[in-house]
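Comments concern the structure below.
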Amino acid sequence: MSHPWISDRAMSFDASGIRKVFELASKMTDPINLSIGQPDFDVPPAARQAAIDAIGSKKNAYAMTQGIAPLREKLQQQVQAEFQHADRSLFITSGTSGGLLLAMMAMVNPGDEVIVFDPCFVMYEPLIKLVHGTPVVIDTYPDFKIDAEKVRAAITPKTKLILFNSPANPTGYAASEDEVRAIAKVAAENNVALLSDEIYRMFCYDKPHVSPAKYNDQTLVIDGFSKSYAMTGWRVGWAHGPSEIIEQMLKVQQYSFVCAPQPFQWGAVEAMDIDMQVHIDEYRQKRDRIVAGLRDCYELATPGGAFYAFPEVPLGPQYPWKNANEFVLKAIENQLLIIPGKIFSHRDTHIRISYAATNQTIDRGIEVLRRMAKAK
């Protein structure tokens with residue numbers, strides 16, 4: 001029985017299973033850690049120095065809620081060059097997760113339905129429940145493709161929002177241009193809001209990233225610097241979309257996060273001039289390393305982006321596990337930290353591997369996973 005002071009809202013979802021794995025990792029010596037959803041490279045030196053300089057020059061107060069002008073102006077130029085929309089505003093959020101929460105609070109009423117794709121980022125369904133919305137889950141197994149006709153069939157008079165993520169966490173799936181165009185069209189035709197989470201947009205390995213905002217000018221885009229520039233702890237994200245939506249999100253930010261940390265916004269200004277392609281190329285090679293190491297003993301759809309693979313766990317009477325969660329427990333016994341797929345999904349059949357790690361760590365992980373797949 002819960003404490004009488006605790007809200008039903010807080011009790012409607014569990015603590016993140018990923019956090020539990022992180023806590024476990026902190027107690028292990030030399031784990032093979034393929035669980036962490038953040039780059040293994042550091043913030044580029046020039047961006048670090050810009051943040052240090054900002055602190056040294058006393059840029060330590062609140063920023064304007066919408067973000068510092070130099071960062072907003074640089075981002076606005078980038079957005080206008082890409083989309084040329086007549087009405088596209090932006091502001092700086094306290095991380096991409098902050099942007100997602102602001103979007104939910106500004107757009108979703110109690111009882112509104114929000115379409116999500118299974119599997120999906122661990123935060124999506126709890127955020128929807130936090131604002132008393134109703135998640136409507138569309139299954140994308142086994143290949144994780146987005147079927148626009150399934151989306152169309154799931155739309156009801158209560159549908160407010162479609163939550164789309166490409167490249168995706170946890171699968172690494174990168175939607176094709178045809179898929180993106182189709183979902184943008186379905187949203188527009190049904191007057192349903194479309195939110196595109198593009199935090200992994202720089203990590204596309206086989207084809208350029210395509211935003212649904214290219215085909216639907218009402219799309220709200222959430223983006224940030226956390227993954228592309230390794231600034232996960234700096235909490236600098238941004239949102240762009242129709243000005244009326246952005247204004248409402250900004251109003252909610254005034255009464256919640258207030259602003260993103262000012263010194264780190266100055267670091268982000270500098271980061272925008274840094275070419276990160278060398279890291280993207282390294283991660284493409286890491287993706288290929290994982291796929292080559294596991295493809296003959298696991299069912300694995302080749303990820304097109306982000307830095308995750310989402311293989312299916314081998315099941316059968318010859319194995320000492322009955323589902324993916326039990327498989328993860330056995331992997332932990334072998335010093336390997338991975339994330340059970342059910343944290344992201346209504347199925348307990350897959351695992352998430354993060355290849356944002358050294359090649360040595362990846363190879364150690366592959367060795368354990370291969371050994372487990374051949375266990376009798």
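Only a predicted model underlies this, so the values are computations on that prediction, with no experimental measurement involved.
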Worksheet item: Are Asp53 and Lys59 close enough for a salt bridge, meaning some N to O gap below 4.0 Å?
Response: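 A salt bridge is absent here (no side-chain N lies under 4.0 Å from a carboxylate O).
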
Worksheet item: Is the shortest side-chain N to carboxylate O distance from Arg364 to Glu367 below 4.0 Å?
Response: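 Salt bridge: no.
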
Worksheet entry | Joint hydrophobic cluster, Tyr215 plus Phe83, side-chain heavy atoms closer than 4.5 Å | no

Practice prompt. May I ask you to check if Arg284 and Tyr205 form a cation-pi contact, with NZ or CZ under 6.0 angstrom from the six-membered ring centre and within 45° of the axis?
Written response: no

Practice prompt. Is it possible for you to check whether Arg347 lies under 6.0 Å from the centre of the six-membered ring of Tyr141, through NZ or CZ, and within 45° of that ring's axis?
Written response: yes

Does [X], at its [atom1] atom, have more than 12 non-hydrogen atoms belonging to other residues, nucleotides or ligands within less than 6.0 Å?
{"X": "Asp8", "atom1": "CG", "value": "no"}
{"X": "Gln360", "atom1": "CD", "value": "no"}
{"X": "Lys342", "atom1": "NZ", "value": "no"}

Worksheet item: Are the aromatic rings of Tyr200 and Phe307 close, with centres under 6.0 Å apart?
Response: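 Aromatic pair counts; centres sit under 6.0 Å.
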
Distance-only side-chain donor-acceptor flag, [X] / [Y], under 3.5 Å:
{"X": "Tyr355", "Y": "Asp288", "result": "no"}
{"X": "His346", "Y": "Glu125", "result": "yes"}
{"X": "Gln285", "Y": "Asp281", "result": "no"}
{"X": "Gln77", "Y": "Lys74", "result": "no"}
{"X": "Tyr229", "Y": "Glu270", "result": "no"}

Discussion item. How close do Leu195 and Leu100 get, counting heavy atoms only, and between which atoms?
Written reply: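 Nearest heavy atoms, Leu195 then Leu100: CD2-CD2, 3.9 Å.
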
Worksheet item: Which one of Arg201, Arg88, Lys214 satisfies the salt bridge (Lys or Arg N to Asp or Glu O under 4.0 Å) criterion with Glu82?
Response: Arg201

Discussion item. Using only atom types and a distance under 3.5 Å, with no angle test, would you say the side chain of Ser166 pairs donor to acceptor with the backbone of Ala168?
Written reply: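 No, because the side chain of Ser166 does not come within donor-acceptor range (under 3.5 Å) of the backbone of Ala168.
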
Practice prompt. Say whether, by atom type as modelled, one donor and one acceptor occur between the side chain of Arg370 and the main chain of Gly293 under 3.5 angstrom.
Written response: yes

